[in-house]
Amino acid sequence: MRRCCRGKRKEIRPAGDRSGFTSTPAFAMGDRCDALGKLAGLAKTAASGNPEILIGLNDTDAAELQAIKLLFADENAWTNVRKTDEMEIAASSNGTGAPDAPPFTIVPPCISLAPSGNAISFTHPGGAGRSTKENQDACFMASPAEGVDVFAVFDGHGKRHGRLAARIAAEAVKAYLSTHHKALVFAPAQTMKNAFDAAHVAICAAINDSAREAGRPTKTVSGGTEQHERPPFLIEYLKDESAWDAAEGGTTATVAALVKGRLIVAAVGDSSSLLLGRNSQGGVVHELLVPEHSPSNPAELTRVRAMPSVGEQVRFAYDCPDGTLIDIFDSNGRLEATAEKRADELDCAVKNCRGDLSSGVFIPSVWVMLPSPPLEMFGFILTVNSLNKTPAACGDYNLQDVHEGNIDNEKGEGQRVKIDEQTIAMTRSLGDSYAHHFGLSHEPEVRELLLTDLLHHREWRACMLMLASDGVWDLWKFDEVGDRLLPPVSCRYNGVNNDAQPACVSWTAPTMLESAVRQFCEYNRAKGEDFFGETADNFTGVLVDLAPWLCTGSP
């Protein structure tokens, strides 16, 4: 059995009819006049029998609500208003007087504006965001010292420990960089790597503790040779399945620091970081700061294949619905010319709006030796006996007997247990100890650039930095995100002359930045729900307006 530690296969296409809720006009109110105009149009549509209308109303008082309600010519078009702390939801009927479905509430995103007003974070479980849905993402914004600002996004994965991995990573990275912020000035790359090291160790320890607290025994498995040491991995006993399995759980990590006129970005996984801007004509331009560590990245294949004895056992392949795996690269490490075409012919899912096909890194199964009683079970260091080979002369033991310590010693001195193969959608991550045993890495790819390069050489306008999980990037082309979040070139940062300082284009007030982000969150949520229904991915991001750093050197 192959275990997937990175969610379900997804395809970028509408999910079709969802219990009567079809085409849904949706928006979050920003400008009051513009929103009321849209509501008037929606009121006419509702009266004509549109099956559903969804309206986000921020900070709307009772008088405004009554005025909005009066816009709806048909009383049947206004069947329910439900209020939450941050948003009100209005759902219309099908025009017949009877609602299409019971009233429901869409959970609003959690949005936080930095004290400076120049950065903002957002997160949402995806879909309608009902309370039963787990959000495995995490993020933070921090200013540990004057002239040092840090932003980060983490996207956890793994059914049992994904949320824990993202939370622990955020805490560990924030704590390390807050303590060692001075080192970011003179050794930024090494400091970022040290922070990722600390997070990786903290995640593995937290998963071990969490499993034991839940009553699942754990063991650490070592392997490799004296010449080629390999990192150990953790296994846990699953009582419901009466089986040992790798303790799955990990997270992406994308961390950016603004330090004395420099931007330092470090990342593992596929939570991309982008610079977004406008050119002199007002068009959107972007730059991907660190490439995704995905199965289609040739440099990552080369890195993993270079690992002695294990690199060749790991497959980088397209994952087709019928279970067929199509290798992305040939035996020489070059992209296989016909692989994508063959995968497409087998209806391999399209995983994002840029046309990338569903793919994975396929980690082989392994046999490990469990000690027999009376040796201590917990914390015992085991050794890998063989890879992909059924052990000879292996006694047949009941795994429950192993757990209870009742092995008949006449059958042998222990038990060999098979750990199932895994699939993961990235080549670098924090946590994921089993995959790291086969070549994944927690070492970040680090990039550093001077902000003056943006100001003087590229002549971008409205420069912004955005970090986000793939719950955002899978749904949009990069320029589409910029088009929705960047201010028009007519906006000026604190009255700076745009001709003299072309990069000093900015939202003129924090409330405008927040309004743009709220609207984008609703667009993203609605689009994800259209494609995937309630299985839509969590989405999280941090948006940083770079104008203060570009124009004055500090926020």
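Leu274 has its side chain out of reach of Leu289: every pair of non-hydrogen atoms, C-beta onward, lies at least 4.5 Å apart. Counting heavy atoms from C-beta on, the side chains of Leu465 and Leu543 never come closer than 4.5 Å. Considering only heavy atoms from C-beta on, Arg278 stays 4.5 Å or farther from Val285 through its side chain. Asn297 has its side chain within reach of Pro291: a pair of non-hydrogen atoms, C-beta onward, lies under 4.5 Å apart. In this structure the side chain of Thr191 never reaches within 4.5 angstrom of the side chain of Lys193, judged on heavy atoms. Between Cys204 and Asn208 the shortest side-chain heavy-atom distance does not fall below 4.5 Å.
Residues Trp476 and Asn524 bring a donor and an acceptor atom of their side chains to less than 3.5 Å of each other. Between the side chains of Thr540 and Asp137, a donor-acceptor pair is found at a separation under 3.5 Å.
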Next item on the list: Could you go through the salt bridge (Lys or Arg N to Asp or Glu O under 4.0 Å) check for Arg447 and Glu287 one step at a time?
Entry: CA-CA 13 Å; Arg447 184 175 176 191; Glu287 180 177 337; 2.6 Å; yes

Next item on the list: I would like to know whether Asp319 and Ser358 meet side chain to side chain donor-acceptor pair (under 3.5 Å); could you show each step before the answer?
Entry: CA-CA 6 Å; Asp319 188 7; Ser358 177; 5.0 Å; no

Next item on the list: Would you please test His124 and Asn538 for side chain to side chain donor-acceptor pair (under 3.5 Å) and show each step?
Entry: CA-CA 6 Å; His124 190 274; Asn538 313 145; over 6 Å; no

Next item on the list: For Gln136 and His157, run side chain to side chain donor-acceptor pair (under 3.5 Å): C-alpha distance rounded to whole Å, both residues' side-chain angles, the deciding distance at 0.1 Å, then the answer.
Entry: CA-CA 7 Å; Gln136 294 190 326; His157 51 259; over 6 Å; no

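Taking the charged nitrogens against the carboxylate oxygens, Arg518 and Glu522 have no contact shorter than 4.0 Å, which rules out a salt bridge. Between Glu300 and Arg428 there is a salt bridge, since at least one side-chain N of the basic residue sits less than 4.0 Å from a carboxylate O of the acidic one. A salt bridge links Glu171 and Arg167; the closest N-O separation between the charged side-chain nitrogens and carboxylate oxygens is under 4.0 Å.
Proximity of a side-chain donor or acceptor of Asp432 to a complementary backbone N or O of Glu248 within less than 3.5 Å is not detected. Using modelled atom types, one side-chain atom of Thr251 and one backbone atom of Asp155 make a donor-acceptor pair closer than 3.5 Å.
Summarising the geometry of Val542 relative to Phe140, their closest heavy-atom pair is CG2-O, 4.4 Å, with the distance given to 0.1 Å. Gln422 approaches Ala246 most closely through the heavy-atom pair NE2-CB, 3.5 Å.
The environment of NZ in Lys527 is crowded: more than 12 heavy-atom neighbours from other residues, nucleotides or ligands sit within 6.0 Å.
For the pair Arg525 and Phe539, the cation-pi test (distance below 6.0 Å, angle within 45°) is failed.
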